[in-house]
Each structure stands twice: as structure tokens, then as C-alpha cells.
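Order of the sequence lines sets the chain letters (A, B, ...), proteins ahead of strands, with each chain counted from 1.
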Amino acid sequence: MPFKTQKHDTAQTLTLEWILQVKNYKLALDKDQCVGCQICSLACPKGAITLIKQPKVTGEATKKAKVDIDLAKCNFCGVCDLTCPYGAIKLTFNGDHSLNVVAKETFPELIRDIKIDTRNCPKECVACKEACPLGQLKITKVTFDGKPVANFEALSPSERKHVVVNIDIPKDKCPTCRACEYKCPPGVIKMRKAFEGKIAVNQAKCPPGCRDCVDVCPMTGTLTVGNGKVEVNEATCTYCGACKVVCPVPEALTLKRTKVLHTPIHSGTWNKTLERITSPADVAKELKAASGLNAKKAVAKRFSKQEEFIR
Amino acid sequence: MSQPEAPKQPLQQPEPLRVGVFVCHCGLNIAGTVDVKAVAEYAKTIPDVVFVKENRYTCADPGQEEIRKAIREQKLNRVVIAACSPRMHEPTFRRTVSEAGLNPFLYEMANIREFASWCHQNDPQAATERAKDSVRMAVAKARLMMPLQTLEVPVTNKALIIGGGIAGMNAALDLAEMGFKVYMLENSQSIGGHMAALDKTFPTLDCSICIEGPKMVDCARHPNITIFAYSDLVKVDGYIGNFKVKIRKNPRYVIAERCTGCGECKDVCPIEYPNEWDMNLGTRKAISVPFDQTVPLIYAINRDYCIECFKCTDKCKDRQAIDFEQKPEEVEIDVGAIIVSTGFDVYLPYDMPLLGYGKYPNVITSMEFERLILAAGPTGGKVIRQSDGKKPHSIAFIQCVGSRDKNKYPYCSNFCCMYTLKHVVQIKEKYKEDVEVYVFYMDIRSPGKGYEEFYDRARERGANFIRGRVSRIDEDPITHNLILHSEDSNLGQPIEIEVEMVVLATAAIPKKGTADIARILNLSRDANGFFMEAHPKLKPMDAPTDGVFFAGACVSLKDIPFSVSQGSGAAARAATVISKPKWKIEPIISIVDETKCKSCGVCVDKCPYGAIRWEKGKPANIITASCHGCGTCVAECPQHAITQMHFTDAQIMAQIRSALQDKPEEKILAILCNWCSYAGADLAGISRFDYPASVRAIRVMCSGRVDKEFILEALRLGAGMVLLGACHLPYDCHYISGNYKMKARTDALKTMLIKLGMSPERFRVEYVSAAEGIRYAEVIKEIDAERKAIGKEKIEAETAKLKPVLENMLKRWKKP
Ligand SMILES: Cc1cc2nc3c(=O)[nH]c(=O)nc-3n(C[C@H](O)[C@H](O)[C@H](O)COP(=O)(O)OP(=O)(O)OC[C@H]3O[C@@H](n4cnc5c(N)ncnc54)[C@H](O)[C@@H]3O)c2cc1C
Ligand code: SF4
Ligand code: SF4
């Protein structure tokens, strides 16, 4: 069989494939999971990803932008997979999701720093679950002898006391908005945002009645309309930029990412990606921090020896 | 770049003409039929003839001495030798006259043997008349002849080989061993060509890279060879012995001098892409070499895929071989000869949907099979199905896919039968009884040393040979097995066979880029797109452009042994040029009169050799060293600004007038091209085919030279019939396409003449090959019968009617 490339676009998924006699590369975009932010298009080293704004239909909510990937440009490196905050893109080789760019340390993985300690969980509480704007946080409860609890109400009070609560957040899909954390009274969940930044809306510039950004923002409550004006609650913002993509007036909405939490890396591809996702200044900061770290380490090494010597 | 000076020829000889005529008896060959004495007596009466001598054998030493003596003693400044065909002894007598101090281009031959005594044996009187006329015609031309100097150009004794396949490598190694500096241009990353991608080679089944690899390394190591791999040909200027070649070295982003070929960068590179060397069955890294034995062993980054992580740069460390800033670099080299050995491509039958290639996973091409069965290939030598990774239990090989197909590639691809037999033997040896093999073929062509025996060997392995063309392949969607529909033409009935894998022996086709190379080097291509040789039989390795030679599959498909031989052959051909300090050029070339040229550019496309350079507004310029002297441009130039030396308009017009001096209406005026029709007429004489003696023949080098004016003048003078002899279309023309240019010109002319009232039979173009003596005789008989049928009166009436128009058209020839 000769080398074959193919692209399938269904309502659910966009699939790109390289089919070789001995290998199969498959890049699949889960359209439900995708929010139409711009991160992947900024990350792609080949400029293969574009966002297509969807036409507005009067009376309907604004639709998120559609992601399209150019089969001729894509080289199946998987950088998009690694940077998608929502885990909407998956690259597999012969069905196996182990990426060369990770193995060869050319691209970092996002750190979704999520700590869950369910010992303090009130047994009947489901606040976090309800807070999750993407509905992907799952709570499971098991009895002391390990049986799943089907109906909590049906348990006796003593049984209720011994119930063990498990909170499950899919680590490859969570955009770390922290909504669950805020809603959790006893502080069971602790997380750091994978992307840090700044978002602001200049209401004076907003076209009257426009709520495009509000419609597409996947984080319920981050953007709201009050008094006919768009308001921002930055606490749950993931800085993904889905809003920025659809905003009709460039000056109305400013979004800046300043930092990405990721595994340590030394790679040109990542520096360029980071430059596009944040800004050149932020990259310089990161590089300085890294070299500072290296310098500190080197100094520490030498001093530890000197200290020994002095002693 | 300067070009050699075209000869400045004096237009008129100042001294009075002193023509000497030598009439040969050729024993009884001429004298047996022609009254030689009468011819000699007649010659004495021709104006300007001051000396006439008969010889028994002019070409023998005493005969030649007579000529030399007469030139010296009689102060002859023109010599006419009435003897055999100029195709026989023209060079001999050129030497003779120049030994006596006369310019060799001041002598002319009158063919009175092949063209008189031998072909009119039944009519000695007419033969004698024809001989007399021939002498008169020769004198007429001789009067206007001019001394010409053979040209010499200096030669750069280096060669360029374009394409480093097995053919090109052999050419390079041979030339390098002879002591010449050789540049080898290869546009892919490694030399080696197709052979480097093959597993084993028929009929001996030796491992391909094991026998080719050492040669590749020899090329890289040879002190006389410089390889430019990953480079393209940009431009070639100049001419034989003096080519200026511009090459673009494409950036590898790896500094060649620093790369040690260790491959550590490849190990850290995260990016893979389909490896074209593996027919894209497997992958290679963004920084890599296509295969382990790559020569020159220099890594390259494919920036189309690289994501610039710089891991390779880190890994390469102190060697610092990686340079992302590298730019394309152009180099210029001087060479004296060029060998083109760019090979072929393999046809991928995506456009034959009934065979399912690209659609059904288990249909592959033979080249893909070659990569699968190769131990170093992407599957480690396992022939497996793409659909399930399992080995097939039945394979069908289909021959002539695209080849010998009038709708695709009409020609036979030469080596597919043999490599399929090889594949049959290989797969049978690998999977033994486990695999059933079918071969669908049209004919098995095995004409080579040990080839038929190899066919026997394949049959002994128990393969089923079925004669028939597969019309359709269907796939079982569940098993991905393939169902072949064909006809068994031996049984004469349709058959259907289910197999687990299909291998298509697809056509070998002209290499991508052949058109560019053809444009840069001014080469022509044949109907199928391969390069066209100067002569398919006698000059199979010569390009029409002097100093350019061919080797290997780029001219006509050939297998490895033949490609190797041609490589050595082309090296020898190239050495004939670059071993000389100077290159001699025959002065029978064309020159442009810059004062007459109006810079219309018409001639440029008419020259079969691309020898004419032209810029709008400036006079056309013929590259002397590239001109082959066909004279096509001369006949095409609307300003009559071009002159072909030794075959000038004035000389040929003088011959026509002389030929039609008496009783023109009874004559057939024949203008014959040197290489086919004149040779065919010679053969008629040699074979003693008798034909009417009413014909008067004039020799030109190419039918392309025949100006419309020649035909018009003959008719104006009242010639009974006019014949124009040419080489057969499409490929026989010695000057590639002179006959085509002539045809276009004369088709229009004939239509016009008929409109003006000429009987259509009176002007005829005939294609006669050098082997068709009998045909020439028949043609003359036919024309003569037609002449008689039309009759003297009608011819004279037509002439009277045509004359005023023709005279008007021939105005420029009116004497002041
Ligand atoms: C499937 C298959 C199996 C075969 N098996 C056998 C066998 O067993 N035995 C046998 O005798 N023969 C076999 N052959 C035939 C064999 O491959 C050819 O005879 C041989 O390769 C011809 O050599 P070549 O040098 O003329 O051309 P190629 O091998 O095609 O080499 C041409 C070279 O020129 C280079 N080139 C092309 N264009 C340019 C350009 N514009 N500028 C610079 N460089 C250029 C190419 O990159 C290449 O390196 C097989 C062929 C096929 C398709
Ligand atoms: S920079 Fe490019 S070639 Fe080098 S290792 Fe990275 S992807 Fe491979
Ligand atoms: S057309 Fe013939 S004569 Fe004229 S320049 Fe070309 S090769 Fe020479």
C-alpha cells in the first residue's frame, strides 16, 4: 500500500491520518471537548492550525470558532496535543499515545497541579461536582468495605460515616479553572492554574448588546452580562482565549498570558511556542529564571565544596 | 561568453576561374555504359573549364597524383571529379586537392556511377547525357564555391555527469580513471539511483547494494571526482569543449565538511516523515540520511518537517556541523563534455482505478515489493500485508501495468518481466510451499544472457503463469483479499482468482525534471518523453547537442548491465572530446548576415539544435560550435539573411539552372537529402535497379535546407517534374527534425502551386530511406510515367501560366 494521507471531518471529530505500510499516525480532534480557543494554533510549529469563525445567526448564541488542521502542513509532532488546555486533541502512533516529542524532551507537558485530599470531605457534599463548568469532575463514594454507593440517602447514618469519597478529575482534560476549589468549603481541592495571565474588557468599546465572548466562554461565570455590560470574573479564567477569537472589536477585549506551568524543558520549539502563547518578554523571563536556577545550582555546588574546605 | 569566430569568407574570388574536370572510368563500372570520352569532350566545351583528364581509376594513387599534378601545373582553382558518389570518395579527394595546395572546399563531385552508369545500363546514350549534365551542374556549383577553413575551438578537459545512478557512476569512474577531472551532479541526497534501493538483482540474485555500494564509495574517494549531491542544474552556457555550468547546492543545514556521519543527531530528533527512498513505506527522521549506505554520508534537515527544537544542534556539540542559517549556494564550473544519466521514475497507477492502487491496502507496486523484501527495508525484509501485518499465502504479479498500453505508455518498460521473475523466485525461496504465486503477463521478454534460464528457474519454482491482461481487481471488504478478473488468452476464457496480495509491475517513465534538463541543455525528447539520441542506432549515446552524451535509462529503458555498459560507452564518447586540446568543426555551417537580419526570431525555433541565440532587436547569432549544418534556418529565414557554407542559395540555384538548361519539360529535377534519399538513390545504383534517365539530382545535406525558391525556380524554368527526397518521418532525419520543417513548408507551397494551376503530380515529396534503393527506382519510374502522361504540351502551358507569378516571387534573383 502506498503512503496515504486522509482527513475526515464529522460532527464529532476531525481526524487526520498518515497511513504507511508500517505505521499509522492519527491526530483526532474531539469537537465536543474543543472550545475554539487559539492555543493549539499558536503552539503549532508548522502553522497548520487555523480557527474559522462561525457565521452569526440572529437569535442564536454565538458559536465557538471551528478548528481546522491542514493535512499538507501537519507533521504529526503532537505539540497541539500537549498544549491543549482541554485535552481535545490526541495524537497516536499505531494506536499508542506515547509522543516522540516528549520522549526526546523537545516539548514539555502542561502541569495540571491538582491536589485532592478527600479526608475532610463532607460525605454528602457534591459542591465541586456542581461547580465544574465542563462537568468532568466525578465523585464516587464507596462503603468501608469497598462497595460503590448507589444511593447515599439509603444508607444508615453509621454507614454514611464510613463512606470513602473519591474525587476524580481527568488530568489530561482539566483546564485548571479552579471553580471546584473555590466552591469547596473545607479546602479539599488545591490547584494551580496551568496558564497565568490577565484579561480585561473595555466596556466602552463593546458594540451595544454584544455578548459574543460570553456565549463562547466555556467557564460559566467568568464572563457575565450585568447592566447590559460584559463583566469579568478573572478567578476562574483559564486564559484560553476562546473569547478573544470571536470578539469583533480588537480593542474591546485584551487577553495576555504571562506564564505556563510545564515540565522543565530546553528546546527551541518550546521557546517559540511560548513566545506565541505569551510574549517574547515572558519567554525571556522564563529563560532567565531557568539560567538563574542553573547558575544557583552551579554556585551551590562550588560553595558546598568550599564550605567543606573552610571547615 | 565569447564564441568562436564564424569564418569570414570572401564573397567573390578575384582571380579568373580555372576549372579542371577529371572523368573517371572506374574500370568498366562507368566506362562500360557511359561514353566517358564523349563526357570528357563535352566538359572541354563548358565555359571556365581549362583542363580535362580521363582516368581509369581516379581514386587510386596514380589517379590522385594526376589531380595534384594538374592543380599545380595548370594552376587550377576549381576541381570537378566526375566519378562515384560523393558519399563514397568526397573525403578522399578533399585530401587530394588540399595536398596540392588547393582549399578542399573548392572541389565538387559529379556522381556518374551510382547516378548514371549503374542505373541506366539499358540506355547508354541517356546515361551519357545524364553524365554530361552532371558534370555541367558540378561546374556550375564549383564556379561559386568559396574556400572554407575548418574551425578549431579550445577544449576544457573536464566532464560533468548529471545523475549519479549506476550509469552515471560508471561513466564518472571511467573518465576519472582516464585522468580527467569529473564533476558529478546528483539532485537527491545520495548517489546510487534506483539500484541502491533494490534488494537483489536478476539474473544472478546478488545483493544490489553489496555490489553497488563499493562503487559509490569509489566515486566519493576518487581524487578526480567531485560530487555535488543534493544539488540542481541551473544553467549551461557555451558549446562543445567549452561549457559553463551553474549548479545550485541546496542547503542541507548541515555543514558538509564538519558532518562526520555519526548519526547522533538522528537519534535525538523527535520528528519522523515518510521516507521517499522506501517508497514512503517507512519513515526517516527530520535530520537523517535516506539509507545507511548514503554517499556522500552527510546528514540533512528537512525543514518542511523540522520543528526547530535544536536538539540536534545540542547533540552535535563541538563538531558544530549544524547550521540553520545555511543558504543555497551557486557554483560555476567549466567542462568540455556533459553526460546526462538521469534515469527514470516509476509510474504509480493512481489513475487506473480498476486496479485499486491506493485504495486497497494489499495492492502494491513492484518497487514497493522491492523495499518490503529487502532486509534493511521498513519491514525488516518481511513481505506482509498492510491490512493485517500478516504474510500473504497467495500473491499475484501483474505485468505491463501502464506499459504497452496505448492509453498510457505505449512502450515496453524493458526490465519488468525480468524483475518480476526475480520476485517470483525470491518469494518462493522465502515462503516456499506456503505461498501460491500467479503471474499475469502479456509476453515474457527475457532477451539477455542467462535471462531465459532465469525464466525456467522461476517456472520450476511452481509459479502459475497466466497469459492475460487483468481488467479489474475487487476487494473483499472483510478479508481485504483481492479478486482478479482476467482472461486466460491461452484457454480463451475469462478467469477469476482470489489472492491475498497483488504486486503491480508498473511502467518505468521519464524522470521528473527531464523537461527542465532538456530545456537547459537544448535536448529534444521523443514521443514518450525520454531524451532523444542523435541517432538511435549509430549514435545511441550522443545527444544532438555536440559535447553532450547520454547513459542509462534516461534515453531508453535498460537494465543494470546495459546501463553500466552505456556508462562506460558514454565515458569513451566524452573522452573523444575532452582528450583533445582543440576541437575541429566542419565549416559547412550557417552564418547570419547581420546587415540583412531584421531580428524577427523565426529561425530560433526552427533550428533542431537550438544553435541560434537571439534577443529582440539584435541580429540572430548562430553558435558556430553548435550548428550541425542542416541549413533549415537558411530555408526558413524570410530575409534570406542566413547562408549555409558550401550549400549557398546561389550555388544550388546555379545547379538547378544548369540541370534544366535543355529540354526542361523532359526532366525530373530531384533534390535529395544526403543521409537518406541520396543514399537510397546510391543504393538503387549499387543494386543496378534500372530507372528512367530523365532525372537530374542535386544533393543537399538535409531536406530542411530546401528553400521554396528552389522549387519555384525549377518550375519557372519549366521542369517537367520536381521531386524532393527526405528521410522518413518521424525519426529518420539525421538532423532530428529537418524533414518536419521541410514538410510544413512544402505542404503550404504545394497547395499554393496547385491553386495557381500546376498539376498536383508535378511536385512531389518522397520519403526514401538509405535502404530503399528499390523504392527510389520505383518512385522515379512512377514520376516519369506521370510526366509522360501529363505530356509536354500541358507542362509547357502550365509553365507559361505560372511564369509571371513565379518570376514575381523570385524577384530577388533577377540580374541587375
Ligand atoms: C522494481 C525494479 C526492479 C529492478 N530490478 C532490476 C534487477 O534486478 N536487475 C537489473 O539489471 N535491473 C533492475 N531494474 C532496473 C534498474 O533499476 C535500472 O536499470 C537502473 O537503475 C538504471 O540506472 P540509471 O543510472 O540509468 O538510472 P537511475 O537508477 O534512475 O539513476 C538516475 C540518477 O540520476 C539522478 N537524477 C535524476 N534526475 C536528475 C537531475 N535532474 N539532476 C541531478 N540528478 C538527477 C537520480 O536521483 C538518480 O540518482 C529494476 C527496476 C525496477 C523499477
Ligand atoms: S531541530 Fe529539527 S532536525 Fe533537529 S532534532 Fe529538532 S526536529 Fe529534528
Ligand atoms: S538550423 Fe541547421 S544550419 Fe541552421 S543553425 Fe541550426 S543546425 Fe545550423
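- Looking at B:Leu348, neither its backbone nor its side chain comes within 4.5 Å of chain A, counting heavy atoms on both sides.
- In this structure, the side chain of A:Lys104 engages the main chain of B:Asp267 through a donor-acceptor pair within 3.5 Å.
- Heavy atoms closer than 4.5 Å to chain A are found in the backbone of B:Tyr360, but not in its side chain.
- Other residues, nucleotides and ligands place no more than 12 heavy atoms under 6.0 Å from the CD atom of A:Glu105.
- Nearest heavy-atom pair, B:Gly358 versus A:Pro2, reported as atom, atom and distance to 0.1 Å: CA-CG, 3.8 Å.
- Residue contact with chain B, scored on non-hydrogen atoms closer than 4.5 Å, is absent for A:Trp270.
- Using a 4.5 Å cut-off between heavy atoms, B:Lys382 does not touch chain A at all.
- Atom CZ of B:Phe310 sits about 7.5 Å away from atom OG1 of A:Thr269, to the nearest 0.5 Å.
- Enclosure of atom NZ in A:Lys171 by more than 12 non-hydrogen atoms of other residues, nucleotides or ligands within 6.0 angstrom is indicated.
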task: Report the C-alpha separation of B:Lys311 and A:Ser267 in whole Å, then their side-chain angles, then the decisive distance to 0.1 Å, and conclude whether the side-chain contact (heavy atoms from CB on, under 4.5 Å) test is met.
output: CA-CA 7 Å; B:Lys311 286 284 157 185; A:Ser267 142; 4.3 Å; yes

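- Within 6.0 Å of the NE2 atom in A:His266, the count of heavy atoms belonging to other residues, nucleotides or ligands does not exceed 12.
- At a 4.5 Å heavy-atom cutoff, A:Phe107 makes no contact with chain B through either its backbone or its side chain.
- When the shell of 6.0 Å around CZ of A:Arg192 is examined, it contains 12 or fewer heavy atoms from other residues, nucleotides or ligands.
- Of all the heavy atoms in A:Lys4 and B:Lys359, the pair that sits closest is NZ-O, 3.9 Å.
- For chain B, no part of A:Lys73 is nearby; none of its heavy atoms comes within less than 4.5 Å.
- For the options A:Val22, A:Val101, A:Ile19, heavy-atom pairs under 4.5 Å to chain B are most numerous at A:Val22.
- Of the inter-residue distances, the one linking B:Asp314 atom CG with A:Thr106 atom OG1 reads 11.0 Å to the nearest 0.5 angstrom.
- More than 12 heavy atoms of other residues, nucleotides or ligands shown are found within 6.0 angstrom of NZ on A:Lys7.
- Within a 6.0 Å radius of NZ in B:Lys430, more than 12 heavy atoms belonging to other residues, nucleotides or ligands are found.
- Within the model, atoms OG1 of B:Thr283 and OH of A:Tyr25 stand 4.0 Å from one another, a figure rounded to the nearest 0.5 Å.
- Between B:Pro274 and A:Leu20, the closest side-chain pair of non-hydrogen atoms falls below 4.5 Å.
- Here A:Asn24 contributes atom CG and B:Gln386 contributes atom CD; the two are 8.0 Å apart, rounded to the nearest 0.5 Å.
- Neither the backbone nor the side chain of B:Asp278 comes within less than 4.5 Å of any heavy atom in chain A.
- Considering only heavy atoms from C-beta on, B:Arg371 stays 4.5 Å or farther from A:Gln21 through its side chain.
- Within residues 39-48 of chain A, the residues having any heavy atom closer than 4.5 Å to a heavy atom of chain B are A:Pro45, A:Lys46, listed by residue number.
- More than 12 heavy-atom neighbours from other residues, nucleotides or ligands sit within 6.0 angstrom of NZ on B:Lys408.
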